[in-house]
Protein chains: 2
Amino acid sequence: MNVLEKIVSSVNNFSKSERKVADVILANPQMTIHSSIAALAKMADVSEPTVNRFCRRLDTKGFPDFKLHLAQSLANGTPYVNRHVEEEDGPEAYTAKIFESTMAALDTARQRVDINAINRAVDVLTQAKKISFFGLGASASVAHDAQNKFFRFNVPVVCFDDIVMQRMSAINSSDGDVVVCISHTGRTKNLCDIAAIARENDATVIGITAYDSPLARECTLVLSLDVPEDTDMYMPMASRVAQLVLIDILATGFTLRRGSKFRENLKKVKDSLRGSRFDKKDLNN
Amino acid sequence: MNVLEKIVSSVNNFSKSERKVADVILANPQMTIHSSIAALAKMADVSEPTVNRFCRRLDTKGFPDFKLHLAQSLANGTPYVNRHVEEEDGPEAYTAKIFESTMAALDTARQRVDINAINRAVDVLTQAKKISFFGLGASASVAHDAQNKFFRFNVPVVCFDDIVMQRMSAINSSDGDVVVCISHTGRTKNLCDIAAIARENDATVIGITAYDSPLARECTLVLSLDVPEDTDMYMPMASRVAQLVLIDILATGFTLRRGSKFRENLKKVKDSLRGSRFDKKDLNN
DNA sequence: ACTGTTTTGTAATAAAATTACATAATATAG
DNA sequence: CTATATTATGTAATTTTATTACAAAACAGT
């Protein structure tokens, strides 16, 4: 928890004067880090030692140390203490909040992700005869994105967002095939079935899903993200971004494992797109 | 550019003593922010005013101000100085780098995004008779995701990743229709055509694309992100995540504009999914 | 080797933060 | 409802820290 959040959360434990200090700081934290203790005391209409005590109450060594912490809290612009979008938020507020909450979600994802599982997944993917990406609803677009990436590697890759197609594909899978099932909750019944079917047919099933979910239990290997989601919006947002980044990581691991010669290939794929595009230089036609 | 980077880049402009100071700071920046000017001077084996002059050379007001800037540079954990994935990187390294570069990309996107344009886009979307999302290649999955979100709002929304369908759809569009064209480069010829056709038929065309690109010129309203992309990987990664977040922002703006009663509706949509899922509590079946 | 310039250090000064202590406010028990 | 204990706050002294002014040293160009 950063100092700014700390101030907000412990606003009730403050004394009357300390509260005055808190108010001034919260009103303009940017100014605070450029003020002396005397200036701040004057602004809050309290004495200098009160400010000092305020700092210590927040587990900092003193005023200069407090400013250091505050500066770090403010490093990424002026973060909203409450990142949840609220009814009254204007465009500026909700834009900032969504960027921030997404970044925060990625940060927790990074901390929680299991590197070993990623490494094993990359292992499995590089050795796959065929790779299938399955997702439903919001996760379908993640599956599509994965297909787009792995397709560039010139490996057999398919992607279905239709349960019937998924089912047929799963039934036809065999040893050496890799099926990647994507579901944030891990409780989508149809996808659990698909995973089970694929496994019965000796495919390796990788789940990008919640740890200890029904889907997770059907998988050979689980990549869980456990990202906090703002449920107020009733839409998957941060979770899906984290899934995409995970796909990026798997794709990157794949290319690295294949070595530099393989990267040449990727460049070719990218260059192949040139014909469909306007020239970068000559933009005036 | 943050102070830490500034020190590295201007290391040649330093005098002998200033360089000594720079070395000590770079060797242990974390310690620097908790040191006094005297301690740092001693460590660098220079005089205190030399340290002070060093700070001023970096456009800070003095030593305390310098520490503040340094603290901000260090705020985001210990970032890899080079966020680009390299051949020798192991799973741990490339995982961290991709998370970090994505977060960094979102941060620049947040700073550069045009709030007014977002607000106008939300305006246009809330008043749309019909919304169409068009993307090709990697951007197709972004379009799909957008469809998934806006579909929940119970507004007529379509999404095509097929140029023929896009073309037909664009030709059939009319006044009051909104077409959202998604392309990172903004140079995909086919999509430029689609945008032009849609506009000729009086549709409002929103472009999620690069500023001043051929596609941007065909649009009524441009939402540009200008996110730095790691071209070494030959795959769109950060740019696409930024696009998704932008979609989230537009969707959020949409729901807020519609008011709280509308949000009830969203909850219903979410609840409707329950039948397709295993119960959250009863996970042992 | 001399002269002007830049760099660096020493010592004095100024600014800022902290401590110790005193006073005021508030709460608690009788 | 008063006396007393406790906590909160302010004043003034002290200490720490940073800055300035100036002098000495190092250096570059002639």
Side-chain angles (χ1 to χ4, degrees), chain A residues 3-4 6-7 9-74, chain B residues 3-4 6-7 9-74:
Chain A
V3 222
L4 217 49
K6 218 168 186 172
I7 295 174
S9 72
S10 55
V11 80
N12 297 317
N13 302 334
F14 290 147
S15 70
K16 206 159 54 178
S17 299
E18 283 171 338
R19 194 158 183 164
K20 283 200 260 181
V21 178
D23 288 342
V24 172
I25 292 169
L26 290 175
N28 199 344
Q30 199 61 51
M31 175 225 63
T32 305
I33 61 172
H34 294 112
S35 303
S36 69
I37 194 167
L40 188 62
K42 201 172 174 186
M43 231 162 323
D45 193 32
V46 298
S47 70
E48 299 179 27
T50 299
V51 176
N52 196 277
R53 282 186 282 260
F54 172 87
C55 297
R56 291 221 233 264
R57 184 168 297 253
L58 291 153
D59 301 317
T60 62
K61 289 185 182 173
F63 186 68
D65 190 44
F66 169 80
K67 284 204 291 186
L68 241 42
H69 282 267
L70 189 59
Q72 297 199 318
S73 302
L74 296 170
Chain B
V3 224
L4 216 50
K6 218 168 185 173
I7 296 174
S9 72
S10 56
V11 81
N12 297 316
N13 303 334
F14 291 146
S15 70
K16 206 160 55 179
S17 298
E18 283 171 337
R19 193 157 183 166
K20 282 200 263 181
V21 178
D23 288 342
V24 171
I25 292 169
L26 291 174
N28 200 344
Q30 198 60 51
M31 173 224 64
T32 305
I33 62 173
H34 294 113
S35 302
S36 69
I37 194 168
L40 187 63
K42 200 172 173 187
M43 231 164 319
D45 192 32
V46 298
S47 70
E48 297 179 29
T50 298
V51 175
N52 195 279
R53 283 186 283 257
F54 172 87
C55 298
R56 297 229 166 114
R57 184 167 296 251
L58 292 152
D59 300 316
T60 62
K61 287 184 182 174
F63 186 67
D65 189 44
F66 169 78
K67 285 205 290 188
L68 242 42
H69 282 268
L70 189 59
Q72 297 198 319
S73 302
L74 297 170

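Numbered from 1 within each chain, the chains take letters A, B, ... in sequence-line order.
In this structure, B:Met43 and B:Met31 have side chains that are in contact, with non-hydrogen atoms separated by less than 4.5 Å. Residues A:Leu40 and A:Val46 have side chains not in contact (no heavy-atom distance under 4.5 Å, counting atoms from C-beta outward).
The distance between atom CG of A:Asn52 and atom P of C:dA17, rounded to the nearest whole Å, is 9 Å. Whole-Å rounding puts the B:Ile37 CD1 to C:dA14 P distance at 18 Å. The CG-P distance, from B:Leu68 to C:dA16, rounds to 14 Å in whole Å. Atom C1' of nucleotide C:dA16 and atom NZ of B:Lys61 are separated by 15 Å, given to the nearest angstrom. Between B:Phe14 atom CZ and C:dT8 atom P the separation is 12 Å, expressed in whole Å. The CZ atom of A:Phe54 sits 15 Å away from the P atom of C:dA17 (whole-angstrom rounding).
Within the 4.0 angstrom heavy-atom criterion, only backbone atoms of the sugar-phosphate kind lie near A:Val46; the bases stay farther away.
Below 30°, between 30° and 60°, or above 60°: for A:Phe14 and A:Phe54 the angle between ring planes is between 30° and 60°, a tilted geometry.
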List every contact pair, protein side and nucleotides 20-28 of chain C side both N or O, where the distance is under 3.5 Å.
residue : atom : partner : partner atom : Å
C:dT26  : OP1  : A:Lys16 : NZ           : 3.2

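The side chain to side chain donor-acceptor pair (under 3.5 Å) test applied to A:Ser17 returns no partner, not counting sequence neighbours. By the side chain to side chain contact (heavy atoms under 4.5 Å, CB included) test, A:Ser36 is found to be paired with A:Ala38, A:Ala39, residues two or more places apart in sequence or in another chain being considered.
Checking each of B:Ser9, B:Ser10, B:Ser15 against B:Asn13 for a side chain to side chain contact (heavy atoms under 4.5 Å, CB included) leaves exactly one that passes, namely B:Ser10.
Considering only side-chain N and O atoms, B:Thr50 lies under 4.0 angstrom from the phosphate OP1 or OP2 of C:dG9.
Contact check of residues 17-29 of chain B against DNA chain D (heavy atom, cut-off under 4.0 Å) returns no residues at all.
Between the CG atom of B:Leu70 and the OG1 atom of B:Thr32 there is a distance of 6.0 Å, given to the nearest 0.5 Å.
The salt bridge (charged side-chain N to carboxylate O under 4.0 Å, His left out) contacts involving residues 49-59 of chain B comprise B:Lys6-B:Asp59, B:Glu18-B:Arg57, where partners must be two or more places apart or lie in separate chains.
At least one donor-acceptor pair under 3.5 Å links the side chain of A:Lys67 to the backbone N or O of A:Ser35.
With a cutoff of under 4.0 Å to any heavy atom of chain A, the contacted region of DNA chain D is bounded 5' to 3' by D:dA8 to D:dT11.
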